[in-house]
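Comments concern the structure below.
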Amino acid sequence: MTQLQPAEITGIVTEVSRLTTELYVFPEVAERIAGGLGEALARGRYHRAGDAETLGRLVTEDLQAVNGDGHLRLKFHPRAIPAEKEDGALLAELTRAADLSLGGVPRIERLEGGVALLKLAPILFPLDMTGASLDAALTLVAPAEALLLDLRECVGGHPYTTAHICGHLFDEPTHLNTLYDREEDSEQQFWSPALPPGPRFGGSKPLYVLIGRATFSGGEELAYNLQQRGRAVVIGETSGGGANPRRGFTVHPHLEATIPTARAINPVSGGNWEGTGVVPDTETDPAVAHEVAHRAALVEVARLGGDTPSASASVEEARRVLDGPTEDRSPSPEGRL
């Protein structure tokens, strides 16, 4: 990769400082961050970098030094990114990721006891990109007696997609989140839609959300929204803690400045998960969260019972699994057909 020239480094860092000062959602913090970047630039800290990847790492360290905002970065991209000033790199990245993950729905599975597992990763893509895949997946799990929503590898997402998913998990329109935008000095509310396409899982059947340290941003919002509304039990370990939506700006063919320009305000808690992460209701190693959640779901399926043939069969299956291994109950040779 081509080595960066001193004047080029100065220009990149100066532009990142300007974007942070003008757009970062917390103006007072932005001033402190910009001051730190200027001091580091004057000391020659960045001129020792030489290449874009190292410069991105050094500048990101200093961007996050004041308040640890994980969305505030000078992000290195191995592939050249579009020259468009805003979100060109993100759109190119999203297209590749969507193609590789079946539209963000890499796993759907029926588990014992009529429990469904739906994994959403690596992010909750914009609906105009993968809405059809998402709706197909949500339609498939709608008849399940209980649902495990696996967000352990979900590292981002779009708030409209989060709201759309919640439309399948509530019975009525529900206020989920509000975003305050610094540049517009305005607030925008996000509600679950009243009539999502196709059948929905609904707002009463058992729902478990799996999270881990890798869960971030939009994945965290979905877990947090469901938890705060009392709709789901969250299982795993505390998530990454990134609640401030970002915009991306190309400042070099391989470097994108990502600047959080808004902050989330939950209507129940009045706050968000920035810095703290989403704290699970049941804390466990994410590697076994699937098993812990499945057993909890089986208990609920068995307790709730069912009044349809399929539900009754799931209840019987759930109770059989909960009873554990038993002696061989197969008929004797004389009784076999």
Side-chain angles (χ1 to χ4, degrees), residues 23-29 67-72 120 123-127 134 147 149-152 154-194 196 200-204 206-247 258-283:
L23 298 175
Y24 187 49
V25 65
F26 303 112
E28 293 182 359
V29 177
N67 64 344
D69 191 329
H71 279 113
L72 187 59
L120 301 178
I123 71 166
L124 310 177
F125 293 97
L127 291 173
L134 188 59
L147 176 62
L149 188 60
D150 187 353
L151 303 177
R152 287 174 292 181
C154 187
V155 300
H158 196 284
Y160 284 112
T161 305
T162 299
H164 184 81
I165 294 168
C166 287
H168 288 263
L169 305 175
F170 289 94
D171 293 326
E172 302 291 339
T174 302
H175 184 194
L176 304 168
N177 192 22
T178 297
L179 289 181
Y180 167 77
D181 185 274
R182 172 191 168 180
E183 193 172 23
E184 300 293 332
D185 191 24
S186 63
E187 293 185 351
Q188 180 180 8
Q189 293 186 353
F190 290 86
W191 290 65
S192 62
R200 58 179 161 189
F201 181 77
S204 59
L207 174 63
Y208 301 86
V209 177
L210 314 182
I211 65 171
R213 193 177 305 277
T215 311
F216 195 67
S217 190
E220 292 179 286
E221 185 199 341
L222 180 53
Y224 192 80
N225 291 348
L226 293 169
Q227 182 187 57
Q228 291 299 313
R229 283 295 181 184
R231 177 61 190 95
V233 176
V234 178
I235 297 177
E237 69 176 345
T238 301
S239 60
N244 302 325
R246 53 76 119 193
R247 290 159 61 186
T258 68
I259 312 295
T261 59
R263 61 183 173 89
I265 306 170
N266 183 271
V268 177
S269 69
N272 58 45
W273 59 97
E274 176 64 33
T276 62
V278 180
V279 179
D281 301 299
T282 300
E283 188 170 356

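Nothing here was measured: the structure is a model prediction, and the numbers come from that model.
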Are the side chain of Arg200 and the backbone of Gly167 linked by a donor-acceptor contact shorter than 3.5 Å? yes

Within the distance-only criterion (no hydrogens, no angle test), does the side chain of Ser239 pair as donor or acceptor with the backbone N or O of Gly212 below 3.5 angstrom? no

Atom CZ of Phe26: over 12 foreign heavy atoms under 6.0 Å: yes

Tell me, which pairs form a salt bridge (charged side-chain N to carboxylate O under 4.0 Å, His left out) where one or both residues lie in residues 157-181, sequence neighbours left out? none

Identify each donor-acceptor pair in which a side-chain atom of residues 261-268 lies under 3.5 Å from a protein atom, sequence neighbours left out, and give them as a table.
unit_1 : atom_1 : unit_2 : atom_2 : d
Asn266 : OD1    : Val268 : N      : 2.8
Asn266 : OD1    : Ser269 : N      : 3.0
Asn266 : ND2    : Leu176 : O      : 3.4

Which residue pairs satisfy the salt bridge (charged side-chain N to carboxylate O under 4.0 Å, His left out) criterion with at least one member in residues 222-243, sequence neighbours excluded? Arg213-Glu237

Quick one: pull up CG in Asn225 and CD1 in Ile165 and give me the separation to the nearest 0.5 Å. 10.5 Å

Taking atom types as modelled and ignoring hydrogens, do the side chains of Asp185 and Tyr180 form a donor-acceptor contact shorter than 3.5 angstrom? yes

Any sub-3.5 Å donor-acceptor pair from Glu274's side-chain atoms to Ala243's backbone N or O? yes

To the closest 0.5 Å, what do you measure between CD1 (Ile235) and CG (Leu149)? 12.0 Å

Quick check against the 3.5 Å criterion: does Thr215 have a side-chain atom that pairs as donor or acceptor with the backbone of Leu151? yes

Output the distance between atom CG (Leu179) and atom OG (Ser186), rounded to the nearest 0.5 Å. 9.5 Å

Quick check: does any side chain N or O of Glu220 sit under 3.5 Å from a backbone N or O of Ser217, one acting as donor and the other as acceptor? yes

Taken in chain and number order and not counting sequence neighbours, the residues that satisfy side-chain contact (heavy atoms from CB on, under 4.5 Å) with Ala232 are Leu207, Val209, Leu226

CA sep, side-chain torsions, deciding dist, call: Phe190, His175, ring-ring contact (aromatic ring centres under 6.0 Å, His included): CA-CA 6 Å; Phe190 290 86; His175 184 194; 9.1 Å; no

Test item: side-chain donor near acceptor, Asp150 and Tyr208, under 3.5 Å: no

Pair listing, side-chain hydrogen bond (donor to acceptor under 3.5 Å, both in side chains) test, anchored in residues 161-170, at least two apart: Asp135-His164

Check for a donor-acceptor pair, side chain of His71 on one end and backbone N or O of Asn244 on the other, with a separation under 3.5 Å. yes

Run the side chain to side chain donor-acceptor pair (under 3.5 Å) test against Gln189 and tell me which residues pass, sequence neighbours left out. Trp191

As an exercise, state the distance from CD of Glu221 to CG of Asn272, rounded to the nearest 0.5 Å. 10.0 Å

Distance check, rounded to the nearest 0.5 Å: Trp273 atom CH2 versus Gln227 atom CD? 11.5 Å

